[in-house]
Number of protein chains: 2
Amino acid sequence: MFFSKSFGYALRSVLYVSAESEKQGKIPLEKIAEGLNVPRHFLGKVMKKLVKQGILSSQKGPNGGFFINDSTLQTPLIQFIHLTGEDDHFKSCVLRLRNCDASRPCPMHSRAEQLRDQWEEVFSKTLVSDLLNKDQPNYIDSIAIL
Amino acid sequence: MFFSKSFGYALRSVLYVSAESEKQGKIPLEKIAEGLNVPRHFLGKVMKKLVKQGILSSQKGPNGGFFINDSTLQTPLIQFIHLTGEDDHFKSCVLRLRNCDASRPCPMHSRAEQLRDQWEEVFSKTLVSDLLNKDQPNYIDSIAIL
DNA sequence: TTGTTAAAAGACATCAATGTCTTTATTAAA
DNA sequence: TTTAATAAAGACATTGATGTCTTTTAACAA
(Lines give C-alpha, C1' and ligand atoms only; values in the text may rest on other atoms or scores of the structure.)
Protein backbone atom coordinates (compact mmCIF):
# COMPACT_ATOMS: atom_id res chain seq x y z
CA MET A 1 0.00 0.00 0.00
CA PHE A 2 3.08 1.90 -0.12
CA PHE A 3 4.84 3.39 -3.04
CA SER A 4 8.53 4.07 -3.37
CA LYS A 5 10.27 7.21 -2.23
CA SER A 6 10.97 7.93 -5.88
CA PHE A 7 7.24 8.00 -6.53
CA GLY A 8 6.72 10.53 -3.78
CA TYR A 9 9.64 12.66 -4.92
CA ALA A 10 8.38 12.64 -8.50
CA LEU A 11 4.83 13.61 -7.67
CA ARG A 12 5.81 16.27 -5.18
CA SER A 13 8.31 17.76 -7.61
CA VAL A 14 5.74 18.05 -10.36
CA LEU A 15 3.31 19.69 -7.97
CA TYR A 16 6.04 22.00 -6.76
CA VAL A 17 7.11 23.05 -10.24
CA SER A 18 3.50 23.46 -11.30
CA ALA A 19 2.71 25.67 -8.34
CA GLU A 20 5.92 27.72 -8.44
CA SER A 21 6.07 28.24 -12.18
CA GLU A 22 3.14 30.60 -11.97
CA LYS A 23 5.27 33.19 -10.22
CA GLN A 24 8.67 32.25 -11.57
CA GLY A 25 9.66 30.68 -14.85
CA LYS A 26 11.96 27.70 -14.74
CA ILE A 27 12.80 26.07 -11.45
CA PRO A 28 16.34 24.72 -11.03
CA LEU A 29 16.95 21.37 -9.36
CA GLU A 30 18.67 23.09 -6.47
CA LYS A 31 15.55 24.98 -5.57
CA ILE A 32 13.23 21.99 -5.84
CA ALA A 33 15.51 19.91 -3.64
CA GLU A 34 15.63 22.65 -1.01
CA GLY A 35 11.94 23.41 -1.19
CA LEU A 36 10.93 19.81 -0.79
CA ASN A 37 13.76 18.83 1.56
CA VAL A 38 14.90 16.02 -0.68
CA PRO A 39 18.43 14.79 -1.55
CA ARG A 40 19.49 16.83 -4.52
CA HIS A 41 21.38 14.37 -6.70
CA PHE A 42 18.97 11.56 -6.17
CA LEU A 43 16.18 13.89 -7.12
CA GLY A 44 18.16 14.70 -10.25
CA LYS A 45 17.75 11.14 -11.43
CA VAL A 46 14.03 11.22 -10.78
CA MET A 47 13.66 14.52 -12.63
CA LYS A 48 15.51 13.09 -15.59
CA LYS A 49 12.89 10.37 -15.87
CA LEU A 50 10.08 12.89 -15.60
CA VAL A 51 11.54 14.78 -18.53
CA LYS A 52 12.16 11.66 -20.61
CA GLN A 53 8.60 10.60 -20.01
CA GLY A 54 7.35 14.01 -21.13
CA ILE A 55 5.68 14.89 -17.84
CA LEU A 56 7.97 17.89 -17.38
CA SER A 57 10.39 19.81 -19.57
CA SER A 58 13.84 21.11 -18.75
CA GLN A 59 16.47 23.44 -20.03
CA LYS A 60 20.16 23.61 -19.27
CA GLY A 61 22.26 26.69 -18.78
CA PRO A 62 21.81 29.98 -16.97
CA ASN A 63 18.25 30.66 -15.94
CA GLY A 64 17.46 27.09 -16.91
CA GLY A 65 15.60 24.56 -14.87
CA PHE A 66 12.43 22.52 -14.96
CA PHE A 67 9.07 23.75 -16.18
CA ILE A 68 5.65 22.43 -17.03
CA ASN A 69 4.47 21.67 -20.55
CA ASP A 70 1.12 21.10 -22.22
CA SER A 71 0.65 17.63 -20.76
CA THR A 72 1.89 18.24 -17.23
CA LEU A 73 -1.36 19.23 -15.57
CA GLN A 74 -3.34 16.54 -17.38
CA THR A 75 -0.98 13.76 -16.32
CA PRO A 76 -2.82 10.97 -14.48
CA LEU A 77 -1.09 9.77 -11.35
CA ILE A 78 -0.63 6.30 -12.76
CA GLN A 79 2.10 7.79 -14.95
CA PHE A 80 4.17 8.25 -11.81
CA ILE A 81 3.73 4.57 -11.12
CA HIS A 82 5.01 3.73 -14.58
CA LEU A 83 7.91 6.10 -13.99
CA THR A 84 9.08 4.19 -10.97
CA GLY A 85 8.32 0.77 -12.43
CA GLU A 86 5.81 -0.20 -9.81
CA ASP A 87 3.06 -1.23 -12.16
CA ASP A 88 2.86 -4.66 -10.58
CA HIS A 89 1.28 -3.08 -7.53
CA PHE A 90 -1.94 -3.24 -9.51
CA LYS A 91 -1.38 -6.62 -11.07
CA SER A 92 0.61 -9.08 -9.08
CA CYS A 93 -0.60 -11.39 -6.35
CA VAL A 94 -0.54 -10.11 -2.78
CA LEU A 95 1.20 -13.34 -1.79
CA ARG A 96 3.59 -12.87 -4.71
CA LEU A 97 2.59 -16.15 -6.28
CA ARG A 98 3.42 -16.42 -9.95
CA ASN A 99 0.53 -18.47 -11.21
CA CYS A 100 -2.19 -16.76 -9.22
CA ASP A 101 -4.97 -15.54 -11.48
CA ALA A 102 -8.71 -15.80 -11.90
CA SER A 103 -8.46 -19.45 -12.93
CA ARG A 104 -6.00 -20.43 -10.19
CA PRO A 105 -6.72 -17.93 -7.44
CA CYS A 106 -4.75 -17.84 -4.23
CA PRO A 107 -6.83 -17.55 -1.06
CA MET A 108 -6.35 -13.77 -1.03
CA HIS A 109 -7.07 -13.26 -4.70
CA SER A 110 -10.63 -11.99 -4.79
CA ARG A 111 -10.32 -9.81 -1.70
CA ALA A 112 -7.15 -8.17 -2.94
CA GLU A 113 -8.31 -7.77 -6.50
CA GLN A 114 -11.21 -5.53 -5.56
CA LEU A 115 -9.05 -3.25 -3.49
CA ARG A 116 -6.27 -3.09 -6.05
CA ASP A 117 -8.76 -2.22 -8.78
CA GLN A 118 -9.97 0.70 -6.71
CA TRP A 119 -6.44 2.00 -6.30
CA GLU A 120 -5.83 1.67 -9.99
CA GLU A 121 -9.01 3.55 -10.75
CA VAL A 122 -8.09 6.40 -8.44
CA PHE A 123 -4.60 6.62 -9.90
CA SER A 124 -5.92 6.50 -13.45
CA LYS A 125 -8.60 9.12 -12.97
CA THR A 126 -6.80 11.57 -10.73
CA LEU A 127 -4.74 14.14 -12.61
CA VAL A 128 -1.95 16.38 -11.44
CA SER A 129 -4.35 19.31 -11.79
CA ASP A 130 -6.73 17.64 -9.35
CA LEU A 131 -4.03 17.83 -6.68
CA LEU A 132 -3.16 21.47 -7.30
CA ASN A 133 -4.99 23.66 -4.87
CA LYS A 134 -4.29 27.17 -5.94
CA ASP A 135 -6.74 28.62 -3.47
CA GLN A 136 -4.82 27.27 -0.52
CA PRO A 137 -2.37 30.01 0.45
CA ASN A 138 0.24 27.68 1.94
CA TYR A 139 -0.16 24.96 -0.63
CA ILE A 140 3.59 24.48 -0.91
CA ASP A 141 3.77 23.64 2.77
CA SER A 142 1.48 20.69 2.22
CA ILE A 143 4.06 19.01 0.00
CA ALA A 144 7.23 20.41 1.55
CA ILE A 145 8.29 18.52 4.65
CA LEU A 146 9.61 15.05 3.94
CA MET B 1 -0.12 -2.01 -2.27
CA PHE B 2 2.41 -4.58 -1.92
CA PHE B 3 3.50 -6.42 1.14
CA SER B 4 6.89 -7.91 1.81
CA LYS B 5 7.99 -11.38 0.85
CA SER B 6 8.13 -12.16 4.54
CA PHE B 7 4.44 -11.38 4.81
CA GLY B 8 3.64 -13.79 2.00
CA TYR B 9 5.88 -16.49 3.45
CA ALA B 10 4.30 -16.13 6.87
CA LEU B 11 0.72 -16.29 5.69
CA ARG B 12 1.32 -19.14 3.30
CA SER B 13 3.17 -21.10 5.96
CA VAL B 14 0.36 -20.78 8.43
CA LEU B 15 -2.15 -21.86 5.80
CA TYR B 16 0.11 -24.75 4.87
CA VAL B 17 0.56 -25.96 8.43
CA SER B 18 -3.13 -25.53 9.11
CA ALA B 19 -4.09 -27.56 6.09
CA GLU B 20 -1.46 -30.27 6.50
CA SER B 21 -1.79 -30.72 10.22
CA GLU B 22 -5.13 -32.44 9.70
CA LYS B 23 -3.47 -35.45 8.17
CA GLN B 24 -0.13 -35.26 9.88
CA GLY B 25 0.84 -33.87 13.23
CA LYS B 26 3.76 -31.49 13.37
CA ILE B 27 5.28 -30.15 10.18
CA PRO B 28 9.05 -29.63 10.15
CA LEU B 29 10.55 -26.54 8.58
CA GLU B 30 12.15 -28.65 5.89
CA LYS B 31 8.79 -29.84 4.64
CA ILE B 32 7.17 -26.38 4.68
CA ALA B 33 10.05 -24.90 2.73
CA GLU B 34 9.83 -27.64 0.13
CA GLY B 35 6.06 -27.57 -0.07
CA LEU B 36 5.92 -23.82 -0.57
CA ASN B 37 9.11 -23.55 -2.62
CA VAL B 38 10.63 -21.03 -0.23
CA PRO B 39 14.24 -20.60 0.96
CA ARG B 40 14.56 -22.76 4.03
CA HIS B 41 16.69 -20.74 6.41
CA PHE B 42 15.04 -17.47 5.65
CA LEU B 43 11.72 -19.13 6.30
CA GLY B 44 13.15 -20.30 9.61
CA LYS B 45 13.41 -16.71 10.75
CA VAL B 46 9.87 -15.96 9.71
CA MET B 47 8.59 -19.06 11.51
CA LYS B 48 10.42 -18.02 14.65
CA LYS B 49 8.44 -14.78 14.66
CA LEU B 50 5.18 -16.61 14.09
CA VAL B 51 5.88 -18.73 17.15
CA LYS B 52 6.98 -15.77 19.28
CA GLN B 53 3.82 -13.96 18.36
CA GLY B 54 1.74 -17.01 19.31
CA ILE B 55 0.24 -17.55 15.87
CA LEU B 56 1.83 -20.98 15.63
CA SER B 57 3.52 -23.36 18.07
CA SER B 58 6.65 -25.41 17.61
CA GLN B 59 8.53 -28.25 19.16
CA LYS B 60 12.15 -29.24 18.83
CA GLY B 61 13.56 -32.71 18.56
CA PRO B 62 12.57 -35.88 16.73
CA ASN B 63 9.06 -35.75 15.31
CA GLY B 64 9.03 -32.08 16.15
CA GLY B 65 7.99 -29.26 13.92
CA PHE B 66 5.37 -26.54 13.69
CA PHE B 67 1.72 -26.97 14.54
CA ILE B 68 -1.39 -24.89 15.02
CA ASN B 69 -2.72 -23.82 18.40
CA ASP B 70 -6.00 -22.48 19.73
CA SER B 71 -5.54 -19.05 18.24
CA THR B 72 -4.13 -19.97 14.87
CA LEU B 73 -7.32 -20.24 12.88
CA GLN B 74 -8.82 -17.14 14.49
CA THR B 75 -5.81 -14.97 13.69
CA PRO B 76 -6.77 -11.88 11.69
CA LEU B 77 -4.51 -11.17 8.76
CA ILE B 78 -3.43 -7.87 10.23
CA GLN B 79 -1.34 -9.89 12.66
CA PHE B 80 0.89 -10.85 9.75
CA ILE B 81 1.35 -7.18 9.02
CA HIS B 82 2.44 -6.59 12.59
CA LEU B 83 4.77 -9.55 12.32
CA THR B 84 6.65 -8.03 9.42
CA GLY B 85 6.55 -4.51 10.81
CA GLU B 86 4.59 -3.04 7.96
CA ASP B 87 1.93 -1.36 10.04
CA ASP B 88 2.68 1.97 8.46
CA HIS B 89 1.06 0.75 5.28
CA PHE B 90 -2.21 1.66 6.94
CA LYS B 91 -1.05 4.82 8.59
CA SER B 92 1.63 6.75 6.83
CA CYS B 93 1.25 9.25 4.05
CA VAL B 94 1.34 7.97 0.49
CA LEU B 95 3.87 10.71 -0.27
CA ARG B 96 5.78 9.73 2.88
CA LEU B 97 5.40 13.16 4.41
CA ARG B 98 5.88 13.25 8.15
CA ASN B 99 3.42 15.90 9.15
CA CYS B 100 0.61 14.84 6.86
CA ASP B 101 -2.60 14.29 8.81
CA ALA B 102 -6.19 15.40 8.87
CA SER B 103 -5.23 18.90 9.98
CA ARG B 104 -2.36 19.29 7.52
CA PRO B 105 -3.33 17.00 4.67
CA CYS B 106 -1.12 16.46 1.66
CA PRO B 107 -2.89 16.62 -1.70
CA MET B 108 -3.27 12.82 -1.75
CA HIS B 109 -4.46 12.52 1.81
CA SER B 110 -8.20 12.08 1.54
CA ARG B 111 -8.08 9.86 -1.53
CA ALA B 112 -5.50 7.57 -0.02
CA GLU B 113 -7.09 7.46 3.39
CA GLN B 114 -10.29 5.94 2.15
CA LEU B 115 -8.51 3.20 0.27
CA ARG B 116 -6.13 2.44 3.09
CA ASP B 117 -8.98 2.19 5.54
CA GLN B 118 -10.61 -0.40 3.34
CA TRP B 119 -7.45 -2.47 3.26
CA GLU B 120 -7.14 -2.24 6.99
CA GLU B 121 -10.72 -3.35 7.44
CA VAL B 122 -10.24 -6.37 5.19
CA PHE B 123 -7.06 -7.32 6.99
CA SER B 124 -8.66 -6.88 10.39
CA LYS B 125 -11.80 -8.84 9.64
CA THR B 126 -10.39 -11.65 7.56
CA LEU B 127 -9.17 -14.58 9.63
CA VAL B 128 -6.84 -17.41 8.73
CA SER B 129 -9.85 -19.72 8.83
CA ASP B 130 -11.53 -17.60 6.16
CA LEU B 131 -8.71 -18.43 3.79
CA LEU B 132 -8.71 -22.15 4.46
CA ASN B 133 -10.75 -23.94 1.85
CA LYS B 134 -10.94 -27.52 2.95
CA ASP B 135 -13.41 -28.42 0.24
CA GLN B 136 -10.96 -27.57 -2.49
CA PRO B 137 -9.08 -30.82 -3.24
CA ASN B 138 -5.91 -29.10 -4.47
CA TYR B 139 -5.94 -26.34 -1.89
CA ILE B 140 -2.22 -26.69 -1.23
CA ASP B 141 -1.50 -25.99 -4.87
CA SER B 142 -3.12 -22.59 -4.55
CA ILE B 143 -0.47 -21.49 -2.05
CA ALA B 144 2.44 -23.59 -3.29
CA ILE B 145 4.22 -22.04 -6.25
CA LEU B 146 6.19 -18.96 -5.40
C1' DT C 1 23.02 -41.34 29.30
C1' DT C 2 23.90 -40.82 24.50
C1' DG C 3 22.76 -39.87 19.88
C1' DT C 4 19.69 -37.90 16.67
C1' DT C 5 16.41 -34.75 15.18
C1' DA C 6 14.68 -30.34 14.54
C1' DA C 7 13.98 -25.43 16.12
C1' DA C 8 16.53 -21.27 17.35
C1' DA C 9 20.12 -18.23 16.83
C1' DG C 10 23.99 -15.95 14.78
C1' DA C 11 27.43 -14.64 11.14
C1' DC C 12 27.95 -13.35 6.74
C1' DA C 13 26.50 -12.68 1.52
C1' DT C 14 23.59 -10.64 -2.07
C1' DC C 15 20.62 -7.45 -4.18
C1' DA C 16 17.78 -3.45 -5.09
C1' DA C 17 16.55 1.17 -3.59
C1' DT C 18 18.41 5.12 -2.05
C1' DG C 19 21.93 8.53 -1.42
C1' DT C 20 26.54 11.09 -2.35
C1' DC C 21 30.05 12.82 -5.11
C1' DT C 22 32.28 13.86 -9.52
C1' DT C 23 32.39 14.58 -14.40
C1' DT C 24 30.29 15.78 -18.82
C1' DA C 25 27.26 18.19 -21.96
C1' DT C 26 24.51 22.06 -23.15
C1' DT C 27 22.79 26.61 -23.03
C1' DA C 28 22.60 31.52 -22.10
C1' DA C 29 24.94 35.56 -20.87
C1' DA C 30 28.87 38.50 -20.74
C1' DT D 1 34.29 33.39 -27.97
C1' DT D 2 34.65 32.66 -23.33
C1' DT D 3 32.54 31.87 -19.01
C1' DA D 4 29.17 30.53 -15.86
C1' DA D 5 25.03 28.08 -14.85
C1' DT D 6 22.49 24.08 -14.94
C1' DA D 7 20.75 19.50 -16.50
C1' DA D 8 22.47 14.91 -17.45
C1' DA D 9 25.23 11.14 -16.64
C1' DG D 10 28.32 8.06 -14.28
C1' DA D 11 30.95 5.99 -10.35
C1' DC D 12 30.68 4.64 -5.93
C1' DA D 13 28.60 4.28 -0.92
C1' DT D 14 24.88 3.09 2.26
C1' DT D 15 21.04 0.66 3.88
C1' DG D 16 17.41 -2.67 4.60
C1' DA D 17 15.23 -6.88 2.88
C1' DT D 18 16.34 -11.17 1.53
C1' DG D 19 19.09 -15.34 1.28
C1' DT D 20 22.86 -18.86 2.71
C1' DC D 21 25.61 -21.25 5.86
C1' DT D 22 27.10 -22.66 10.48
C1' DT D 23 26.54 -23.23 15.39
C1' DT D 24 23.75 -23.76 19.47
C1' DT D 25 19.80 -25.38 22.12
C1' DA D 26 16.14 -28.42 23.28
C1' DA D 27 13.52 -32.63 23.09
C1' DC D 28 12.65 -37.35 22.03
C1' DA D 29 14.30 -42.18 21.37
C1' DA D 30 17.28 -45.91 21.89
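Below, chain A is the first sequence line, B the second, and so on; all start at residue 1.
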Would you please confirm or rule out a distance under 4.0 Å between OP1 or OP2 of C:dT18 and any side-chain N or O of A:Y9?
no

Atom-pair distance (CZ on A:F42; P on D:dA13), nearest Å:
18 Å

When rounded to whole Å, the CD1 to C1' distance for the pair B:I27 and C:dT5 reads 16 Å

Check: D:dG19 base within 3.5 Å donor-acceptor of B:K5 side chain
no

Check this for me, if you would: do B:R116 and B:E120 make a salt bridge, where the nitrogen-to-carboxylate-oxygen distance has to be below 4.0 angstrom?
no

A:S4, nearest nucleotide to its side chain (from D:dG19, C:dT18, C:dC21)
C:dT18

Specify the separation, in whole Å, of atom CD of A:E86 and atom P of C:dA16.
15 Å

Quickly work out the A:K48 NZ to C:dT18 P distance and round it to whole Å.
15 Å

Picking from A:Y9, A:F123, A:F80, what satisfies ring-ring contact (aromatic ring centres under 6.0 Å, His included) with A:F3?
A:F123

Among B:L36, B:I140, B:I143, B:N133, exactly one meets side chain to side chain contact (heavy atoms under 4.5 Å, CB included) together with B:L15. Which residue is that?
B:I143

Could you list the donor-acceptor pairs under 3.5 angstrom formed between side-chain atoms of residues 41-49 of chain B and any protein atom two or more places apart in sequence or on another chain?
none

Of the nucleotides C:dA8, C:dA6, D:dT18, which one has an atom closest to the side chain of B:S6?
D:dT18

Can you name the nearest heavy-atom pair linking B:I68 to B:S18, along with the distance?
CG2-OG, 3.5 Å

When you check every protein heavy atom under 4.0 Å of nucleotides 24-30 of chain D, what one-letter string (B, S, -) results, 5' to 3'?
-BBBB--

What contact category does A:G44 fall into here, base, sugar-phosphate, or nothing, at under 4.0 angstrom with non-hydrogen atoms?
nothing

Taking the side chain of B:K45 as heavy atoms from C-beta outward, which of C:dG10, C:dT20, D:dT6 is closest to it?
C:dG10

Look at the side chain of B:S58 and decide which nucleotide, out of D:dG19, D:dA11, C:dA8, has an atom nearest to it.
C:dA8

Without decimals, in angstroms, what is the distance between B:L83 CG and D:dA17 C1'?
14 Å

When you compare the side chains of B:S4 and B:E86, does any donor N or O come within less than 3.5 Å of an acceptor on the partner?
yes

Which residues pass the side-chain hydrogen bond (donor to acceptor under 3.5 Å, both in side chains) test with B:Q53, not counting sequence neighbours?
B:Q79

How many whole angstroms separate atom CZ of A:F66 from atom P of D:dA5?
17 Å

In whole Å, what is the span from the NE2 atom of B:H41 to the C1' atom of D:dA17?
18 Å

Between C:dA16 atom C1' and A:F3 atom CZ, what is the distance in whole Å?
19 Å

